[in-house]
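Order of the sequence lines sets the chain letters (A, B, ...), proteins ahead of strands, with each chain counted from 1.
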Amino acid sequence: MEANEKTTRLPRFIHEAVKEDLTNGRFNYVRTRLPPEPNGYLHIGHVKAFLIDYFTAQEFGGELYLRFDDTNPSKEGTEFVEAIESDAAWLGIRWAKVTFASDYFDLLYEWAQRLIQQGLAYVDDQTQEEMSASRGTMPKGTKWSETESALRPGVDSPWRNRPVEENLDLLERMKNGEFPEGSRVLRAKIDMAHPNILLRDPVMYRIMHVHHHRTGDRWHIYPMYDWSHGQNDSMEGVTHSLCSNEYIIHRPLYEWFLQQLGAFPTRQIEFSRLNLTYAMMSKRKVRKLVESGIVRGWDDPRLTTLRGMRRRGVTPEAIINFITSTGETKNDSWVEMAQFEACVRDDLNKRALRRLGVLKPLKLVIDNYPEAQTEELEAVNNPEDPAAGTRKLPFSRELYIEQDDFRETPPPKYFRMYPGNEVRLRYAYLVTCTGLVKDEAGNVVEVHATYDPATRGGDAPDGRKVKSTIHWVSAQHAIKAEVRLYEQLFTVENPDVGDDLQSIVNPHSLEVLDNCYLEPSLGDAQPSDKFQFERTGYFCADLDTQPGKPVFNRTVGLRDSWAKIEGKK
RNA sequence: UGGGGCGUGGUGCAACGGCAGCACACCAGACUUUGGAUCUGUGGAUCUUGGUUCGAGUCCAGGCGCCCCAGCCA
């Protein structure tokens, strides 16, 4: 039973495929790999793939390598290597070792020479346009839906049957930088009429006179994905190369190379990638958001980058629970953001200390409370966790309550404070609203009430009930804070389509409140400390917090059934 | 339209030829010193047509729909 519960973290189709390989002797151990390209920061979409690799290794007693796919130095850099490592570690993923595709450049080059010697690879001098035309496909930019006839068979390159020695020599000179970029490529010799376009003599190496962040200026050719990834898997003895569905079509090529080389037969298995509504998964576009200043950086709390979510106050456990709860299949799917938020709430509900904080303050004066008096009331830190203990809350004559918690004329089903109504001040007293003060513009600027001294702590000795409990802070004791509220960054469910970012960003995605009053115990909150502000939401102290000037991010709001009632009208 | 992949409530995931179930969302109610949390309940799904079978979401055949591929990106 226990074994069964553990395996539920993996989808059955992957679990069974791996088990089958172990049973039938294809492999006698399990090794997987995380293959990030170091050209951007990790986002929630990567987490799914990471976790599948991690869990697969764990559940079969195997190991995991973190291998950076650094085959395109024009896009990649060492700063991303460090960021990816630290983000993955924060998530809780552990790996046996870190490797780089570039570690294998020499061996890969030897393998290419072997293919040439086997007559299975050649140097092609065609231009890119010629190659594209001779592949028998439509011109670049054509949509498949616009294609009327079947693919034409490709045409063999005039260089396809170059002698082995000439190929070897040209490849060596390409490597050494003797030719300009774009002048030649090394291609596998497979079948120019193959219905799978990837098998129409795919490019293995292209010339790039670019400095590489690890190999320096030693190489002037760099391998393509198809001529690197599978070979690296094989060289590392990776048993299962788990990737997203877009690579299904690559599998025949993946296997062709390994078979021709007689190399270790890594098995590629695919699953669907994660789509999350309102989340941007395209690295290129996230970069645009950052560079254009639409968001404040890669760790902007509105982004679903790992750093963004972390800064916002989401824990690794919440992220992992979310990914696990959505499951994995080969289906194309769109998970609703609400499901992610539910996981975040569920996690924070268990761990976050409760605090009182007033975001949009309205002064409340308790007229019959002695002017100079202050008292301390006991408050529970977390009703979900008695071990979290209690704290003292200072109370006095002048308080702040939430503007939303007062209405001069209450709508139906509104139970909070309005003239004549009695409510409970959380952990304090029952108070009855007696009046209000307006400014010249007609805005309510102050509310008055009387308290019942017999209800200290919030219970009435006569057993009478109130329908609402509201939060408050003592005006003279409260600390001032900035609070940042977030909404969806985009107004459309799928922000990855289209290129006009400006037109789809939500202008209200960030609301900064700089006049918030919090209970004094929040004064020494440290960045990343997490709290529930009662009745309001979950909040996390931000990196921008300074001594005496706390800044909080709203991670996610509480479920708000009043907002629902009100919203329906 | 060449090749490949995928179709189960609104969304995501289960059901390995045997009562279609779970979570999120939604709706109604109970409880409540957070309109939180918790609990209970309602509604709602097997793309379609045919076949095999005592029995089909599951197997077979056809159709339909959606997604991926024509980078010297990964």
Q: When you match A:A563 and A:P195 each to their closest nucleotide on RNA chain B, which lands nearer the 5' end?
A: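 Result: A:P195.
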
Q: In terms of base orientation, is B:G65 syn or anti, with the syn window spanning 90° either side of 0?
A: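 Here the answer is anti: the torsion falls beyond 90° from 0.
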
Q: Could you tell me whether A:M224 contacts a base, only the sugar-phosphate backbone, or nothing, with contacts defined as non-hydrogen atoms closer than 4.0 Å?
A: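 The residue A:M224 makes sugar-phosphate contact but no base contact.
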
Q: Side chains of A:D124 and A:Q126 only: does a donor on one sit below 3.5 Å from an acceptor on the other?
A: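 A:D124 vs A:Q126: donor-acceptor pair found between side chains.
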
Q: Could you tell me how far apart A:L425 (CG) and B:U34 (C1') are, to the nearest whole angstrom?
A: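 Rounded to the whole Å, the gap is 13 Å.
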
Q: With a 4.0 Å cut-off on heavy atoms, is A:E341 in touch with a base, just the backbone sugar-phosphate, or nothing at all?
A: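 If one applies the 4.0 Å heavy-atom cut-off, A:E341 turns out to touch nothing in the nucleic acid.
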
Q: Just the rounded figure in Å: distance from P of B:C72 to CG of A:D125.
A: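 Rounding to the nearest Å, CG of A:D125 and P of B:C72 are 16 Å apart.
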
Q: Closest approach to the side chain of A:I249, judged atom by atom: which nucleotide of B:C69, B:G35, B:A25 is it?
A: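 Output: B:C69.
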
Q: Can you tell me which nucleotide in B:A74, B:U8, B:G35 comes closest to the side chain of A:Y225?
A: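 In terms of side-chain proximity for A:Y225, the closest of B:A74, B:U8, B:G35 is B:A74.
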
Q: With heavy atoms under 4.0 Å as the rule, sort A:Y247 into base, sugar-phosphate or nothing.
A: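 Base, at least one base atom sits under 4.0 Å.
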
Q: Just to be sure I understand the rule, does A:H194 reach a base, reach only the sugar-phosphate, or reach nothing, if contact means heavy atoms closer than 4.0 Å?
A: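 Nothing, no heavy atom under 4.0 Å.
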
Q: Is A:D459 touching bases, backbone alone, or none of the nucleic acid, heavy atoms closer than 4.0 Å?
A: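 Here A:D459 touches the bases of the nucleic acid.
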
Q: Heavy atoms under 4.0 Å, any strand shown: does A:E378 hit a base, just sugar-phosphate, or nothing?
A: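 No contact.
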
Q: Tell me whether A:R464 is salt-bridged to A:D452, with the criterion being a basic N under 4.0 Å from an acidic carboxylate O.
A: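 Here A:R464 pairs with A:D452 in a salt bridge, since their nearest N and O are under 4.0 Å apart.
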
Q: If you measure only the distance, is there a donor-acceptor pair under 3.5 Å linking the side chains of A:E76 and A:H213?
A: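 No, no side-chain donor-acceptor pair sits under 3.5 Å.
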
Q: Would you mind checking if A:E534 and A:R355 are paired as a salt bridge, meaning a charged N to carboxylate O distance below 4.0 Å?
A: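 Looking at A:E534 together with A:R355, the answer is no, because their closest N to O distance does not fall below 4.0 Å.
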
Q: Output one line per pair: protein atom, nucleotide atom from nucleotides 36-41 of chain B, and distance, for all N/O pairs under 3.5 Å.
A:
{"residue": "B:G36", "atom": "OP1", "partner": "A:S561", "partner atom": "OG", "Å": "3.2"}
{"residue": "B:G36", "atom": "N2", "partner": "A:E384", "partner atom": "OE2", "Å": "3.2"}
{"residue": "B:A37", "atom": "OP2", "partner": "A:R559", "partner atom": "NH1", "Å": "3.4"}
{"residue": "B:A37", "atom": "O2'", "partner": "A:E384", "partner atom": "OE1", "Å": "3.4"}
{"residue": "B:A37", "atom": "O2'", "partner": "A:E384", "partner atom": "OE2", "Å": "2.9"}

Q: Below 4.0 angstrom, N of the basic side chain to O of the carboxylate: do A:R162 and A:D125 qualify?
A: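 Yes, charged N to carboxylate O under 4.0 Å.
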
Q: How many whole angstroms separate atom CD1 of A:I190 from atom C1' of B:G3?
A: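 So the CD1-C1' distance, A:I190 to B:G3, works out to 15 Å.
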
Q: Is it the case that A:K530 places NZ or CZ above or below the six-membered ring of A:F539, under 6.0 angstrom from the centre and within 45 degrees of the axis?
A: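 Output no; distance or angle outside limits.
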
Q: Taking only the C1' atom of each, what is the distance from B:G17 to B:C22 in whole angstrom?
A: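 The answer is 22 Å between these two C1' atoms.
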
Q: Nearest to the side chain of A:V335 - B:C69, B:A74, B:G12?
A: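 Nearest to the side chain of A:V335 among the choices is B:G12.
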
Q: Counting only side-chain N and O atoms of A:S325, is one of them less than 4.0 Å from OP1 or OP2 of B:A23?
A: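 So the side chain of A:S325 is outside the cut-off, no N or O lying under 4.0 Å from OP1 or OP2 of B:A23.
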
Q: Side-chain N or O of A:R206 versus OP1/OP2 of B:C73: is the shortest distance under 4.0 Å?
A: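 Indeed, a polar side-chain atom of A:R206 lies that close.
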
Q: Check the phosphate of B:A74 against A:K283, side-chain N and O only, distance under 4.0 Å to OP1 or OP2. Yes or no?
A: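 So the side chain of A:K283 is outside the cut-off, no N or O lying under 4.0 Å from OP1 or OP2 of B:A74.
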
Q: Pick base, sugar-phosphate or nothing for A:R424, based on heavy-atom distances below 4.0 Å to the nucleic acid.
A: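 Contact class for A:R424: base.
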
Q: Regarding A:F340, tell me which of base, sugar-phosphate or nothing describes its non-hydrogen contacts under 4.0 Å with the strands shown.
A: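 No contact at all - A:F340 keeps every heavy atom at 4.0 Å or more from the nucleic acid.
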
Q: Taking the basic N atoms (NZ, or NE/NH1/NH2) and the acidic carboxylate oxygens, is any pair closer than 4.0 Å for A:R251 and A:E270?
A: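 Yes, this pair counts.
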
Q: Base, sugar-phosphate or nothing for A:S468? Non-hydrogen atoms, less than 4.0 Å.
A: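 Counting heavy atoms under 4.0 Å across all strands, no contact is made by A:S468.
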
Q: Applying a 3.5 angstrom cut-off to the pairing atoms, does RNA chain B sit in any stems of at least three consecutive Watson-Crick or G-U pairs? List them by first number.
A: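 As far as RNA chain B goes, consecutive pairing (with distances under 3.5 Å) yields the stems B:2-7 with B:64-69, B:10-13 with B:21-24, B:27-30 with B:38-41, B:47-51 with B:59-63.
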
Q: With sequence neighbours excluded, tell me which residues meet side-chain hydrogen bond (donor to acceptor under 3.5 Å, both in side chains) with A:Y538.
A: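 Scan of A:Y538 (side-chain hydrogen bond (donor to acceptor under 3.5 Å, both in side chains), adjacent residues dropped) gives A:Q532.
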
Q: Considering only side-chain heavy atoms of A:R135, which listed nucleotide, B:A74, B:G12, B:C72, is closest?
A: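 For the A:R135 side chain, the nearest candidate turns out to be B:C72.
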
Q: So which nucleotide from B:C67, B:C73, B:C6 ends up closest to the side chain of A:K330?
A: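 Looking only at side-chain atoms, A:K330 lies closest to B:C6.
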
Q: What's the closest nucleotide to the side chain of A:D332 if the choices are B:G35, B:G5, B:U34?
A: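 Looking only at side-chain atoms, A:D332 lies closest to B:G5.
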
Q: Return the nearest nucleotide to the side chain of A:W562; candidates are B:G12, B:C72, B:G35.
A: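 Nearest nucleotide to the side chain: B:G35.
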
Q: Hey, is A:R214 close enough to A:D103 for a salt bridge, meaning N to O under 4.0 Å?
A: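 Judged by the 4.0 Å cut-off on N to carboxylate O distance, A:R214 and A:D103 do form a salt bridge.
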
Q: Under 3.5 Å, is there any donor-acceptor pair linking the side chain of A:E336 to the base of B:G10?
A: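 When only heavy-atom distances are counted, A:E336 does reach the base of B:G10 through a donor-acceptor pair under 3.5 Å.
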
Q: Less than 3.5 Å apart, any donor N or O on the side chain of A:E236 or A:Y104 sitting next to an acceptor on the other?
A: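 Yes.
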
Q: Are A:E328 and A:K48 close enough for a salt bridge, meaning some N to O gap below 4.0 Å?
A: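 So A:E328 does not pair with A:K48 through a salt bridge.
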
Q: Reckon A:F415 touches a base, only the sugar-phosphate, or nothing at all at heavy-atom distances under 4.0 Å?
A: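 The answer is base, as A:F415 lies within the cut-off (heavy atoms under 4.0 Å) of a base atom.
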
Q: Output yes when A:E375 and A:R456 qualify as a salt bridge under the 4.0 Å nitrogen-oxygen rule, no when they do not.
A: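 Judged by the 4.0 Å cut-off on N to carboxylate O distance, A:E375 and A:R456 do form a salt bridge.
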
Q: Check every strand shown and say whether A:V203 touches a base, only sugar-phosphate, or nothing at a heavy-atom separation below 4.0 Å.
A: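 Sugar-phosphate: the residue A:V203, judged by heavy atoms under 4.0 Å, touches backbone atoms but no base.
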
Q: With a 4.0 Å limit, can you tell me whether A:N245 has a side-chain N or O closer than that to the phosphate oxygens OP1/OP2 of B:G5?
A: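 A:N245 to B:G5 OP1/OP2: no side-chain N or O under 4.0 Å.
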
Q: For B:G5 and A:S272 - does any side-chain N or O of the residue sit under 4.0 Å from the phosphate oxygens OP1/OP2?
A: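 The answer is no; no side-chain N or O of A:S272 sits under 4.0 Å from OP1 or OP2.
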
Q: Please state whether the phosphate of B:C68, meaning OP1 or OP2, lies under 4.0 angstrom from any side-chain nitrogen or oxygen of A:R251.
A: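 Result: no.
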
Q: Over how many whole Å does the gap from A:Q268 atom CD to B:G4 atom C1' extend?
A: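 Rounded to whole Å, this separation is 13 Å.
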
Q: Closest-nucleotide mapping onto RNA chain B: is A:I248 or A:P223 further toward the 5' terminus? I mean the 5' end.
A: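 It is A:I248 whose nearest nucleotide is closer to the 5' end.
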
